[in-house]
Protein chains: 2
Amino acid sequence: MDGIAKPTGARLRDSALTDDISFLLARANALSLAAGNAALAPLTLRARSYSVLELAAGQARPTQRELAEFLRLDPSQVVALVDELQGQGLVARESDPADRRTKVVVATPLGREVCEAARAAATAAEQHLHADVSGSDRHLLVDLLRRLAFPT
Amino acid sequence: MDGIAKPTGARLRDSALTDDISFLLARANALSLAAGNAALAPLTLRARSYSVLELAAGQARPTQRELAEFLRLDPSQVVALVDELQGQGLVARESDPADRRTKVVVATPLGREVCEAARAAATAAEQHLHADVSGSDRHLLVDLLRRLAFPT
DNA sequence: TATTGTTATACTCTATAACTATA
DNA sequence: TATAGTTATAGAGTATAACAATA
């Protein structure tokens, strides 16, 4: 699982890619996703399903359409993710009487419990992976990443 | 406040995900990847194949194994990507006389030309997408992202 | 015996279009 | 007509194992 901590391809770091934000995002995301999925696997969750569960466990009462936009997923992917979480008893679909087309996704009591455990596992894994970015740097990073993730 | 038009999905930004570096990376990467692929499509390249081409066009003369480690891809994926670029006449495999197992991937003259055009297209798309992160913020972001992408 | 590249396979993710039921 | 959710499908990305050539 853990290899020798040798610099990965240090020979290639003089490439133009080293200044390429898109490339750095892709590589950082790949590492983060792998660590997150591994940390969530014992809860039979993945990064994707956890993100849906987290939103369903909050106060916002999101519709599937809102989940799709916020998570930048296709509505059909949200269907599959909610189906999965519903099958695990973690979320439920509630019909909105005001507009019977929409379905609000809310976490069950079990879902809220699992969500807290998942958040703890994901946070721990993330902090371990990004241990060399901490304190004020971490705060700054979150601020900058928000601007990339939600451009004006 | 009711009259202020806000982007759809803004309602959900109070979620715990808003502070989640993994989630922000995933969303930022999804946007960046889509913009990059769209910008590179006229050159019949995608973000993945462009990154291989960029490394092949440099001075490093990487082996396929080195490409796999640096790009965080499986060696079998590198085979497919190099096959594709080779079919387009953009790179060539060179055998290393010192170790005949390894194959060094180098860009052809056409490959270097296409690579420059691709870099211009990708850079323009990226700067357009991330227009609200500029100047010193951008420099800082690159530094922080490097630490996420290449952890110690 | 170990490593590089390769092939094969399966699974996840992403993108698109069409259908239904409501509005 | 338009929108929310659903279904179906194909393509891209990811992960794993096995194999031949070479070290």
Side-chain angles (χ1 to χ4, degrees), chain A residues 1 3-4 6 9 22-23 25-27 29-38 40-41 44-52 61-87 91-105, chain B residues 8-9 25-27 29-38 40-41 44-52 61-86 91-105:
Chain A
M1 159 178 22
I4 303 166
K6 65 174 180 178
S22 299
F23 164 68
L25 277 175
R27 197 179 202 279
N29 179 57
L31 294 173
S32 168
L33 186 60
N37 282 337
L40 292 168
T44 60
L45 290 173
R46 282 156 295 137
R48 275 291 148 69
S49 44
Y50 162 61
S51 65
V52 171
R61 298 179 54 84
T63 67
Q64 294 191 188
R65 179 71 43 161
E66 288 176 313
L67 290 173
E69 287 186 21
F70 190 75
L71 297 173
R72 218 258 170 197
L73 301 175
D74 191 84
S76 62
Q77 300 174 251
V78 175
V79 171
L81 287 163
V82 172
D83 281 351
E84 182 184 325
L85 290 169
Q86 197 171 32
V91 305
R93 286 175 165 99
E94 289 185 5
S95 290
D96 182 355
D99 183 345
R100 304 206 326 265
R101 290 175 304 181
T102 72
K103 296 186 184 168
V104 171
V105 181
Chain B
T8 22
L25 277 176
R27 197 180 203 279
N29 179 56
L31 293 173
S32 169
L33 186 60
N37 281 337
L40 292 168
T44 60
L45 290 173
R46 282 156 296 136
R48 276 290 149 69
S49 44
Y50 162 62
S51 65
V52 172
R61 297 181 54 84
T63 67
Q64 293 190 187
R65 179 71 43 164
E66 288 176 313
L67 289 173
E69 284 186 24
F70 191 75
L71 298 173
R72 219 260 169 192
L73 301 174
D74 191 83
S76 61
Q77 300 174 253
V78 175
V79 171
L81 286 163
V82 172
D83 280 351
E84 181 185 324
L85 290 169
Q86 196 171 32
V91 305
R93 286 175 166 98
E94 290 186 5
S95 291
D96 181 356
D99 184 344
R100 294 189 354 245
R101 290 175 304 180
T102 71
K103 296 186 184 169
V104 170
V105 181

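Since this is a predicted model, take the numbers as computed values, not measurements. Below, read A as the first sequence line, B as the second, and so on, with proteins coming before strands; counting in each chain starts at 1.
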Choosing from dT14(C), dT6(D), dT6(C), which nucleotide comes nearest the side chain of Arg48(A)? dT14(C)

Considering only heavy side-chain atoms of Arg101(B), the closest of dA23(C), dT22(D), dG5(D) is dT22(D)

Hey, which sits more toward the 5' end of DNA chain D by its nearest nucleotide, Arg72(B) or Asp96(B)? Arg72(B)

Starting from the 5' end of DNA chain D, give me the residue, Asp83(A) or Ala30(A), whose nearest nucleotide shows up first. Asp83(A)

Taking NZ, NE, NH1 and NH2 as the nitrogens, is one of them in Arg48(B) or Glu84(B) under 4.0 Å from a carboxylate oxygen of the other? no

Specify the separation, in whole Å, of atom [atom1] of [X] and atom [atom2] of [N].
X         : N       : atom1 : atom2 : value
Leu33(B)  : dA15(C) : CG    : P     : 8 Å
Arg100(B) : dG5(C)  : CZ    : P     : 14 Å
Asn29(A)  : dC13(C) : CG    : C1'   : 12 Å

Under 4.0 Å between a side-chain N/O of [X] and OP1 or OP2 of [N], yes or no?
X        : N       : value
Gln77(A) : dT12(C) : no
Arg46(B) : dG13(D) : yes
Arg93(A) : dA4(D)  : no

More 5' along DNA chain C: Leu73(A) or Val104(B), using each one's nearest nucleotide? Val104(B)

Any base atoms under 4.0 Å from [X], or only sugar-phosphate, or nothing? Heavy atoms, all strands.
X         : result
Arg65(B)  : base
Asp74(B)  : base
Thr102(A) : sugar-phosphate

Let's go through Thr63(B) and Val105(B) carefully: what are the C-alpha distance in whole Å and the side-chain angles of both, what is the deciding distance for side-chain contact (heavy atoms from CB on, under 4.5 Å) to 0.1 Å, and is it a yes or a no? CA-CA 6 Å; Thr63(B) 67; Val105(B) 181; over 6 Å; no

Applying the side-chain hydrogen bond (donor to acceptor under 3.5 Å, both in side chains) test to Gln64(B), which of Glu69(B), Arg93(B), Lys103(B) qualifies? Arg93(B)

